**Q** 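Here you go, one structure.
Computed from a predicted structure; not experimentally measured. In what follows, every chain begins at residue 1, and chains take the letters A, B, ... in the order their sequences are listed.
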Amino acid sequence: MKSIEYNEQLERDVLAALSKPSPWYWVALVVCALLFVTGLSLWLYQILKGMGVSGLNNPVGWGTYITDFVFWVGIAHSGTLISAILFLFRAKFRNAFNRSAEAMTVFAVMTAGLFPLIHLGRTWFFYWLFPYPNQRGLWVNFKSPLVWDVFAVSTYFTISLIFWYTGLVPDIAIVRRYATGFRKKIYSIFSLGWTGSLRQWWHYNRLYVFLAAFATPLVISVHSVVSWDFAMSIIPGWHTTIFAPYFVAGAIFSGTGMVITLVVPMRKIFRLEKLITINHFEKIAQTLLFTSLIVTYSYIVEFGLAFYGHHQFEAAHFTYRLLGDYQVLYWIMLFGNSLLPLTLFVRKLRRSIVYLFIVSIFVNIGMWLERFVIIVTSLAKDFDPYAWGLYKPSVVEIGITLGSFGMFFMFFLIFVKVLPVLSVTEIKEEAAHE
Amino acid sequence: MDRRNFLKLLGISSGTALISSCGVDKANEKIIPYVIPPEEDIFVGNPAYFTTTCTECPANCGMQVTANEKVYHDVRNIFPTKLEGIAGHPVNDGALCMRGQASLFRLYHPDRIKRPMMRDGDGNFRVTTWKEAYAKIIVELAAATGEGKRNMYFSGRTTGTMSGLTDDFCKEMSVERLPEFEVFSHANLKKANDIVFNRPEIPHYRIENADFLLTVGADVVETFMNPVASANHIQKAKDKNNLSWYHIEPAVSLTGVQASKRFAIKLHSEVYLLAFLLQSLSQQNSLKKSLPARISRLIPDYSITVIAERTGLSEENLRLLLSRFANAKTPLIIAGGVSTAQENGLETAVFAALLQWATGMTDNTVDFDHAENYGSVGSMLDVRKLEDSLKNKQVGVLFISRTDPVTYLPEAEQFVELMKNTRLRVALSDFMTSTVQECDIVLPLSHSLEAWGDAAPRKGIRNVIQPAIEPQYDTRSEGDILLQIMAQKSGAASAQFYNDYLIDKWHSLYGEGETVGMLERGYREEPVPSLPAILSGDGTEAFLKNAGFVVESSDKPVLVITPSIRAYDGRSKVLPLMSEIPDPLTTITYGEWISVSDKTAKKMGWKDRDEVAVELNGVSLKFPVKVQHLLPENIYMVQRDLIYPQATPVDSRSGEESWYVKDISVNATGNHIPMPIMSGSMHEDNRGLLPPEEEEHPYEHKEEHPVGRMYAPHEHDNYRWGMAIDMDSCIGCSACVAACYVENNLAITGKKAHLNGREMSWIRLEPWVKDDETINYDLMLCQQCDDAPCEPVCPVYATYHSKEGLNTQVYNRCVGTRYCSNNCPYKVRRFNWFDFRLPEPWDKMYNPEVSVRTRGIMEKCTFCIQRIRHAKDKAKDENRLVQDGEITTACAQTCPTNAITFGNLMDKNSRVSKLAHSNRAYRALEELGTEPAVHYLPKKESKEEA
Amino acid sequence: MNEQFVFGEKHEFLQKLKDLVKGGISPKKINVFTPYPVHEVEEILKVPTSPLRFFTLLGALSGLFFGAWFTAWTSLDWPLIGGGKPIVSVPAFVIVTFELTILFGGVISFLGFLILSKLPSPKRIGTPVEHGNQFVIEIQSEGK
Amino acid sequence: MSKLQLNTFTLGIVAVIILGIIIGLEYIFPHGSGGTLLLTLTFWIALVQGTVAVAAAGDATNSKWIGPLKKELLAFHPLILFMAFLFLFLGLKMDVFPWFENQNRWLNTPFFLTRNFVLLVISYFLARFYAKATLRNSPNKGNLAVLYLFFFVFSESLVAFDWVMSLEYPWVSTLFGGIFFMESFYAGLAIAALIAAYYVKNGIEDQTVMTKVLRDTATFTFGFSLAWAGLFYSQFLVIWYGNLPEETSYLVRRMHYSPYDILFYLSIFLLFIAPFVGLISKRAKVIPNWVRMIALVVLAGVFIERILFILPDASMNVFSAILETVLMGFLLLLFFVNRERVMGYAGTERSDR
């Protein structure tokens, strides 16, 4: 088949996704939007009444909100992993996923970014977290991990956005070619008047490499910073050196899980089986397995060393995690994060889309629970037994959490209808190589 | 009639500094409210101080009121904002208990009766005028006498001038004054002293002079007589003559666990123990005074083994007690509480009295001359008499003043019925109690902080009661009411004011000058004739002849009613703070519970919060369980304010009621009741909050690992504020907690918040069960760590470390990330989950020097930084440094045993540095390297005692 | 008038390009349009490495120095003790500095890209140039 | 070079002799011998396991870049067995460990020796199977690679926790294991870079391929300098920030006391700054001499850091330390020179690229 025809075909296949949406699409979109709105109104209610509407209490100052924050940041990470790290490693299978993964990153960071604000006691002063000249003569405390968060997350958002958009420009130019009327105008504007001239490609390639090169250490730093929100404190179960790499791996793990969760239905609905093949899935499954092993390794090390010396508090804490009030969550987490992924050693299972989808769901749940367990159990029982107490999420917290899912999927649904879900240009380039 | 004019009457120009305070006469001007001038934002002046007396319980501690000038509802006025004990006061010497600290909540209580009321035709209360009410009373009184009925005046404990006035009133109006009604009447003690010494009184126990104290059931640091004084004196005795204090009790009480040694004794068997002590001591003739033969031969004589078996005390413990008595120079035994309020409580009291006498009782340990002023207090017998005369419809007008029999008496319904047999029922009260509900005329009383008066807690002491604020409602003092009724009857144009009456009395008693002195000090000590107590052979012999040692202790379940340190007999329940602060023994705040022995609980498989139904003579009461360590098996405890023992036997000899409820059955209902238990766990397992035990030091590797620091400690220039807390002196009375609440405007969050773990206390008392032998406490508050983990994590510098070593919290900078609280190993930071505000008019008591926190911010103890600021300003004016002892925190100030020492650690000679560097001192969770500024001195192990 | 060569297949296009360069037409006069990046073109036309890297370097360094200075300066501006840590806690400040390095580096690289490749170009947005999936060689004719 | 060509048997003999000499040294210079032995063990195990791990990682992620060097890297795998036996002799030096006096459930001599020995042996056999498979290019090479990496991670972690961290008992850092296997991999890469540089310099093998390999190894070395910095910083920052006495003691002793502080900063320079700055530019990555130098710097860094880990807790004997290092270096050289035979022993026919 002549490459030019192949390319035309390819463009049609991918852009088919942008055609008129089915009723089901609208249903899904509306459901997500409603969830999103509910979440927002609950947040407003919380602002007016006070943090008391959450289940948080004296020992347990952080709960569902911070869990959600870490969870969404984690989701974001695989996007960068797939687009940047795999790009640097010249791993071929990335271009089946990178576009949607990058979109996922952007939306996930947006979602995550809300939670630090939601969990503030006085949200209306959130801007105090940013360093700006003020007549109080006060700056922010750069020693505080939360300030590191502010910088890490905002940097991460900016860079991911740029990275995503850069990759999009040539593809938008393609859509421009197909679009008509008003939409054509919009696409023209966002294509920045891309021509595909030598000069453009020349700088474009460099930029892409540089952005990838920046994104890679960035993604690692971001989740390290997130992990340090906990590791910097002295609470048993939080204060441990392995946290940074452990959280990074966990993040990529959960993110990869989410990629699968998103791409499997997308592939089915938009009939992209030709472009997103089983082999691609096998690769992504291997990533899942690999990161799962790292996470498991961290679990084992954490546990082992807790009982290694006479570290009374650590030992007490991990016993509590294992057998205490939250043990059920912990065991579910272990199943989803450590046991189930092991089955991916079996090639047949690796290559079964349905099975992968199921595993990915468990991974999402497991990773959410992991953060929850780490955050809550450590706070619930720390040094002073008198101050021990339990936490359980309130309706408001659950509502806002669901709202965040609504927000994320709403954006994703909009994305799949307005932008090419695969990197057409890269697939062309890839095809030309063979 | 305001202070100024009154002082004029006293013949003192308002210029003279009446009370040692600069602000006082300014304050006087401000007693009359006036609309505020434009610049309403500047109003925090220096506070004014008044001396007065606490009327929250019969102990009558001397109080110094701090009144702040502030704007309330656009009106500038002065408001009492803090109560503290008068330093050097013979009763409480500067200290105040938690109830006293909280009594401001009574002053500003929204539920107070605000105007006189009268029951109209259809039986509803309607507002009336005083005149009308008086008129009705006068008419009814006359009518009743006409019918040949008896009018009666039934009141709570009344002392001082008021007592005299009441007599005048009763004579004038032909009313019988009944013996006063107190739940804790201590009738057996009075009776016993009558038998043994012909002195039907409760002596003043001078614990400070004892070198060995044996308390038998008497909860001396909770409610017995004057707990503040007792605690204070126990500490004095510890310092002076190295007192060792043993406590014997059938149940378990805070007092018990605070004693240097505690013995659990079988129910009713105290009397055997005392008898045994008497006998054995006289046999080894180590008695200071030997009992006359005719008495000693009547004292049962049992072998040590029998006694050991009867009492449940081990033989060596018995020997230990004997040797203690034998070797003590000035031993003191105090029986009371649960040990005398029982079937053979009288015997117990008598033997205790005999033991007192025989072991060399002198006026400096058991002082009858300064006997506690309980003479006019009646017993259950008197109540029965009243009930009889009500039954026979002999009562015309019944005055019920400052007491609530319907709530506290057994068979309340019956009493309500009986009351109906009167022509008219007049209530003098500040609250709509169940008794007041049953009356026809309600005369609202002013709070003692709104009225003049005096009190005589014990012979030889006269306390001043003077107002710190105008009456907030149309209320009057009892004195005024009685005088006005009399005046209205005699048709006088205007009645004499009670304070005029007082002046006359005081002038006639002490003369003008002395009166002023008394007002300045707040009290006056007057000489009393000394009349040594002599053993009355006949009385004692007569009693012993037919004394019954009948009641044997049994293994059936028994419900023991104990007094409550928070509610006293129940009267202090109306103070919301008393439910907010945990019960020191169980750490329960709101609601009721039944204490179940841990052994019983294990056997029955009950856990905290399981609901049980207690069947006692037909009635079934439901309580959630609180497992209580140290409580003997089959013994259940419920606090006095929660239930009244229905129909428990009353001792016909003394009128004392028994607090033991027998033949009960307790079964689980299967329900699970949410109950706010503040303590997450009672077991410390060597986490470093209590001092680590020598034998198994949890940080043995310390030496092989040099204590490392990543960065150098930072500088302090003149001050590093620190604290030393002596847990050996601390008696767990929680007065410090209450003081902190009032001083720092802490929020009252309520039961729901407590169930969600959202209490706001900045300082808390943590009980730890030590290997099922005893309960040790630590007092946890912000440790003001030098390397505070909470500080660096705050993104906005809302908390940071001051040069003076204070871990400060900037309320208006805080955005509420709660990271600091997460990272605080002591968990002493508190977050404002909602806008916790005191409802009006309680907000009148807010301390204007401390900001009231809004929702969404973190708050914490800062060593009463407002007080530090004041002292430093003062020092700065006189350009010098703050002296040691010049400032103290609210918690330290009110501590009856001075367990808390606050000061400057940079000053090597300050009391706090000395204590901090004493070899006893340790710091909480020291191995975390947080460098706390709070140093603890552990409770001395009772081993050292034996 | 520029002369244009249009190809459907990559190899034909590259072949022609090679010939043209051999044919002595200076690479400066040649412009090509491709549907996706073709690295061979750069080799054939001897295009030097993109100057974009200087923007990147500039961005990264400015971020680095700004971060290092800003964290230290703000802390010293009002020195507040926290947890006994030094006022200027380098280990803690490394992080923010690092993030700023990346932020500046990334953003300035992007701007550099826009500047260098003359994007966005209003002209092209107005009337887009479409070559579809074809490979186009454009040679500026003499005189111009 | 060709002088060093030996047959398999002689190679074995030489290995045994060297083993004997090293043991001997421990007895000739008993003072501080425990520390010296630990140094030799921890450093060289990192190298030999690392080289195999690098090859395995290539197969696990089936990225082609390392292919051309596979055989060279795998040539060292028999030395894992060598180290395993050398390790056994640590059994005679257990007194270097503070917990030797009061042993507990995990830290007691028999269990300590067996678990580590067994893990090493297992990882040896896996390395061997993997080497066979990959050179035969058999389909399950990928799985074997993963399996090897799995055990590599665990045995290196135990090297970290058991051999080194327990010198500071009861001090713990959960990241210690991670740092160790990461460094081992780092060292493996450095060796790969050395070989690539050597090939390019002496024009052995296909130059275009080798230059590419050189660039890739260099790039990865560069990347790992960052990764190392990341892990080091993660551990440092947590301890620094927490400032818990029983945790800081470890760092304080190495940062605030001479001479360790020099080693401390030196290792940071050798393992992070030098390779990062040295290899940041695209051009530098293909200059054989330069890359070789950086590679040696990295290896030196790992060596220095091992000293830094061990020396504060277990004294060393300088002379025997040097001698042992030289001997081991020689042994590695031998195995490299005789890679064809070793691989032959590993049961592969000459594979042609």
**Q** With respect to chain C, which residue among A:Glu11, A:Arg177, A:Arg199 yields the maximal number of heavy-atom pairs within a distance under 4.5 Å?
**A** A:Arg177

**Q** Which bit of C:Phe110 is near chain A, if near means a heavy-atom gap under 4.5 Å: side chain, backbone, both or neither?
**A** both

**Q** Would C:Thr74 and A:Val140 satisfy side-chain contact (heavy atoms from CB on, under 4.5 Å), going step by step from the backbone distance to the final call?
**A** CA-CA 8 Å; C:Thr74 50; A:Val140 297; over 6 Å; no

**Q** Can you check side-chain contact (heavy atoms from CB on, under 4.5 Å) on A:Leu207 and C:Leu116, steps first, answer last?
**A** CA-CA 11 Å; A:Leu207 177 65; C:Leu116 288 173; over 6 Å; no

**Q** Using atom types as modelled and distance alone, determine if a side-chain donor or acceptor of A:Trp201 lies under 3.5 Å from a backbone N or O of C:Thr34.
**A** yes

**Q** Nearest 0.5 Å please: distance from the CG atom of C:Asn133 over to the CD atom of A:Glu5.
**A** 11.0 Å

**Q** For A:Leu211, is it the side chain, the backbone, both, or neither that has a heavy atom closer than 4.5 Å to a heavy atom of chain C?
**A** side chain

**Q** If you count heavy-atom pairs under 4.5 Å with chain A, which of C:Ala60, C:Ser89, C:Ala92 comes out on top?
**A** C:Ala92

**Q** What side chain to side chain donor-acceptor pair (under 3.5 Å) pairs are there with at least one residue in residues 143-164 of chain A, not counting sequence neighbours?
**A** A:Thr80-A:Tyr156

**Q** Rounded to the nearest 0.5 Å, what separates atom OG1 in C:Thr71 from atom CZ in A:Phe142?
**A** 6.5 Å

**Q** Which one of C:Thr127, C:Val129, C:Leu114, C:Leu52 has the most heavy-atom pairs closer than 4.5 Å to chain A?
**A** C:Leu52

**Q** Could you go through C:His39 and A:Asn205, starting from their C-alpha distance and side-chain angles, then the distance that decides it, and tell me whether this counts as side-chain contact (heavy atoms from CB on, under 4.5 Å)?
**A** CA-CA 9 Å; C:His39 299 280; A:Asn205 293 334; 3.9 Å; yes

**Q** Please classify the contact between A:Ile159 and chain C as side chain, backbone, both or neither, with a heavy-atom cut-off of under 4.5 Å.
**A** side chain

**Q** Ignoring hydrogens, what is the shortest heavy-atom contact between C:Glu9 and A:Ile4? Give both atom names and the distance.
**A** OE2-N, 3.5 Å

**Q** Could you tell me which portion of A:Pro145 (side chain, backbone, both or neither) has an atom closer than 4.5 angstrom to a non-hydrogen atom of chain C?
**A** neither

**Q** If you tally heavy-atom pairs under 4.5 Å against chain A, which of C:Asn31, C:Leu119, C:Leu100 wins?
**A** C:Leu119

**Q** Go through the structure and list residues passing salt bridge (Lys or Arg N to Asp or Glu O under 4.0 Å) with A:Arg176, not counting sequence neighbours.
**A** C:Glu130

**Q** Between A:Phe214 and chain C, with a heavy-atom cut-off of 4.5 Å, which part of the residue counts as in contact: side chain, backbone, both or neither?
**A** both

**Q** Taking every non-hydrogen pair under 4.5 Å, which of A:Ser224, A:Ala215, A:Ala213, A:Ser197 racks up the most with chain C?
**A** A:Ser197

**Q** Tell me which of these, A:Lys184, A:His203, A:Gln200, has more heavy-atom pairs under 4.5 Å with chain C than the rest.
**A** A:His203

**Q** Which atoms of A:Tyr165 come close to chain C, meaning under 4.5 Å heavy atom to heavy atom: side chain ones, backbone ones, both, or neither?
**A** side chain

**Q** Where do A:Trp202 and C:Ser50 come nearest, in terms of heavy atoms and distance?
**A** NE1-N, 3.6 Å

**Q** Looking at C:Leu45, C:Val136, C:Val41, C:Asp77, which makes the most heavy-atom pairs under 4.5 Å with chain A?
**A** C:Asp77

**Q** Could you check which of A:Pro217, A:Pro170, A:Ala173, A:Ser191 has the highest count of heavy-atom pairs closer than 4.5 Å to chain C?
**A** A:Pro217

**Q** Please report the shortest heavy-atom distance between C:Arg53 and A:Phe210, naming the atom on each side.
**A** CB-CZ, 3.3 Å

**Q** At a heavy-atom distance under 4.5 Å, which candidate from C:Pro51, C:Gly132, C:Gly82, C:Ser109 has the highest pair count against chain A?
**A** C:Gly132

**Q** Checking side-chain contact (heavy atoms from CB on, under 4.5 Å) for the pair A:Leu138/C:Leu80: CA distance, chi angles, key distance, verdict?
**A** CA-CA 10 Å; A:Leu138 257 176; C:Leu80 293 167; 4.2 Å; yes

**Q** As an exercise, state the distance from CG of C:Leu103 to CZ of A:Phe157, rounded to the nearest 0.5 Å.
**A** 12.0 Å

**Q** Give me the ring orientation class for C:Phe70 and A:Trp139: parallel if the planes are under 30° apart, tilted from 30 to 60°, perpendicular past 60°.
**A** perpendicular

**Q** Heavy-atom pairs under 4.5 Å with chain A are the metric here; pick the option from C:Glu99, C:His131, C:Arg124 that has the most.
**A** C:Glu99

